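Small disclaimer: the values here were computed from a predicted structure and weren't measured. Numbers for residues simply follow the sequence, beginning at 1.
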Amino acid sequence: MTRATRNLVVSSEEERLILVDSDDRETGTSSKSECHDGAGILHRAFSLFVFNPAGELLIHQRHPAKRLWPGFWSNSCCSHPRAGEAVEVAIHRRLEQELGLSAHLEYVYKFEYTAPFGDVGTEHELCWVYVGTTDAEPLVNTTEVANWRWIAPSALDEELAATPQRFTPWFKLEWQALRDTHRKRLEAIVSARS
């Protein structure tokens with residue numbers, strides 16, 4: 001099967017991100033580059049988990065030119081709202097920019113985490129997690145996404161257990177929380193639109 005793609009530059013190390021405290025109160029802005037330097041600066045982010053009508057999750061492999069976790073597999077889409085941008089606007093903007101998709105997305109939870117990537121930089125994010133559904137196939141942006149696939153939740157559980165080193169740290173944390181703490185909500189969102 002031939003997969004349709006496009007090639008658009010949609011992000012930059014200089015774009016301004018929203019700095020927050022641990023209660024998600026805005027404290028200022030900083031460049032994407034500065035937010036990920038050294039030990040990282042806490043900033044607002046989001047992660048999207050998009051399922052198809054068969055109940056499979058869309059996962060993607062990060063582009064090899066990404067500064068942090070290049071070539072690693074991750075959830076459907078993850079990024080940051082820009083300075084002055086509401087999360088609800090940013091999630092739809094980024095889903096379209098990276099994957100050419102629109103989806104019904106529902107907020108599930110948020111959490112703070114820190115994950116260093118060697119001496120290259122650190123993710124220190126207050127991340128909003130959304131779950132959604134679509135019946136469309138991705139039109140991937142090849143400047144952001146190296147590869148993608150749909151995967152059944154049980155098969156993903158097996159892959160994560162067998163080869164955890166292939167996946168981004170935030171994806172592993174979020175998937176565990178969705179499968180454990182937020183399992184009923186996850187199942188309700190996915191089944192309501194299947």
Shortest non-hydrogen contact from [X] to [Y]?
{"X": "Val50", "Y": "Thr133", "answer": "CG1-C, 4.3 Å"}
{"X": "Cys77", "Y": "Leu99", "answer": "CB-CD1, 4.3 Å"}
{"X": "Pro169", "Y": "Ala115", "answer": "CG-CB, 3.6 Å"}
{"X": "Pro153", "Y": "Gly55", "answer": "CD-O, 3.3 Å"}
{"X": "Ser76", "Y": "Leu57", "answer": "OG-CD1, 3.7 Å"}

Using only atom types and a distance under 3.5 Å, with no angle test, would you say the side chain of [X] pairs donor to acceptor with the backbone of [Y]?
{"X": "His80", "Y": "Phe46", "answer": "no"}
{"X": "Thr122", "Y": "Gly38", "answer": "yes"}
{"X": "Asn52", "Y": "Ala54", "answer": "yes"}
{"X": "Glu106", "Y": "Val131", "answer": "no"}
{"X": "Asn147", "Y": "Gln61", "answer": "no"}

Point-to-point distance, once rounded to the nearest 0.5 Å, from [atom1] of [X] to [atom2] of [Y]:
{"X": "Lys172", "Y": "Gln165", "atom1": "NZ", "atom2": "CD", "answer": "7.5 Å"}
{"X": "Thr29", "Y": "Glu15", "atom1": "OG1", "atom2": "CD", "answer": "12.0 Å"}
{"X": "Glu174", "Y": "Tyr130", "atom1": "CD", "atom2": "OH", "answer": "12.5 Å"}
{"X": "Arg183", "Y": "Gln176", "atom1": "CZ", "atom2": "CD", "answer": "12.0 Å"}
{"X": "Leu126", "Y": "Asp21", "atom1": "CG", "atom2": "CG", "answer": "8.0 Å"}
{"X": "Cys78", "Y": "Ile91", "atom1": "SG", "atom2": "CD1", "answer": "13.5 Å"}

Atom CD of Glu159: over 12 foreign heavy atoms under 6.0 Å =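 Yes, enclosed.
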message = Are there over 12 heavy-atom neighbours, none belonging to Asp119, within less than 6.0 Å of that residue's CG?
response =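 12 or below, so no.
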Do [X] and [Y] come close enough that some side-chain heavy atom pair is under 4.5 Å?
{"X": "Glu56", "Y": "Ile151", "answer": "no"}
{"X": "His124", "Y": "Ile41", "answer": "no"}
{"X": "His60", "Y": "Ser74", "answer": "yes"}
{"X": "Thr114", "Y": "Leu42", "answer": "no"}
{"X": "Leu58", "Y": "Leu101", "answer": "yes"}
{"X": "Val108", "Y": "Leu186", "answer": "no"}
{"X": "Asp24", "Y": "Trp128", "answer": "yes"}
{"X": "Phe72", "Y": "Lys66", "answer": "no"}

message = Walk me through whether Val129 and Asn75 qualify under side-chain contact (heavy atoms from CB on, under 4.5 Å).
response = CA-CA 10 Å; Val129 178; Asn75 51 293; over 6 Å; no
Are [X] and [Y] connected in the hydrophobic side-chain network, where two residues link if heavy atoms are under 4.5 Å apart?
{"X": "Leu19", "Y": "Val87", "value": "no"}
{"X": "Leu17", "Y": "Leu95", "value": "no"}
{"X": "Phe111", "Y": "Leu178", "value": "yes"}
{"X": "Leu48", "Y": "Tyr107", "value": "yes"}

task = Could you point out which residue of His43, Arg44, Glu125, Glu123 forms a side-chain contact (heavy atoms from CB on, under 4.5 Å) with Cys35?
result =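 With Cys35 as partner, His43, Arg44, Glu125, Glu123 yield a single side-chain contact (heavy atoms from CB on, under 4.5 Å), made by His43.
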query = Are Asp157 and Trp175 close enough that a side-chain donor and a side-chain acceptor fall under 3.5 Å?
reply =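 Asp157 vs Trp175: donor-acceptor pair found between side chains.
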key: Arg16 and Ser31: CA distance, side-chain angles, deciding distance, side-chain contact (heavy atoms from CB on, under 4.5 Å) verdict   = CA-CA 4 Å; Arg16 304 296 292 181; Ser31 72; 4.1 Å; yes
query = Does the side chain to side chain donor-acceptor pair (under 3.5 Å) test come out yes or no for Glu137 and Trp150, once each step is laid out?
reply = CA-CA 10 Å; Glu137 286 294 305; Trp150 297 103; 3.1 Å; yes
ask   = Got a salt bridge between Arg94 and Glu144, using NZ or NE/NH1/NH2 to carboxylate O under 4.0 Å?
value =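 Between Glu144 and Arg94 there is a salt bridge, with a charged N closer than 4.0 Å to a carboxylate O.
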key: Check: Trp69 ring centroid to Phe117 ring centroid under 6.0 Å   =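 Ring centres of Phe117 and Trp69 closer than 6.0 Å.
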key: Step-by-step side-chain contact (heavy atoms from CB on, under 4.5 Å) determination, Ser33 to Arg67   = CA-CA 9 Å; Ser33 177; Arg67 176 180 173 188; 3.8 Å; yes
Ring-plane angle category for [X] and [Y], please: parallel below 30°, perpendicular beyond 60°, tilted otherwise.
{"X": "Phe171", "Y": "Phe49", "answer": "tilted"}
{"X": "Tyr113", "Y": "Trp170", "answer": "tilted"}
{"X": "Tyr109", "Y": "His182", "answer": "parallel"}

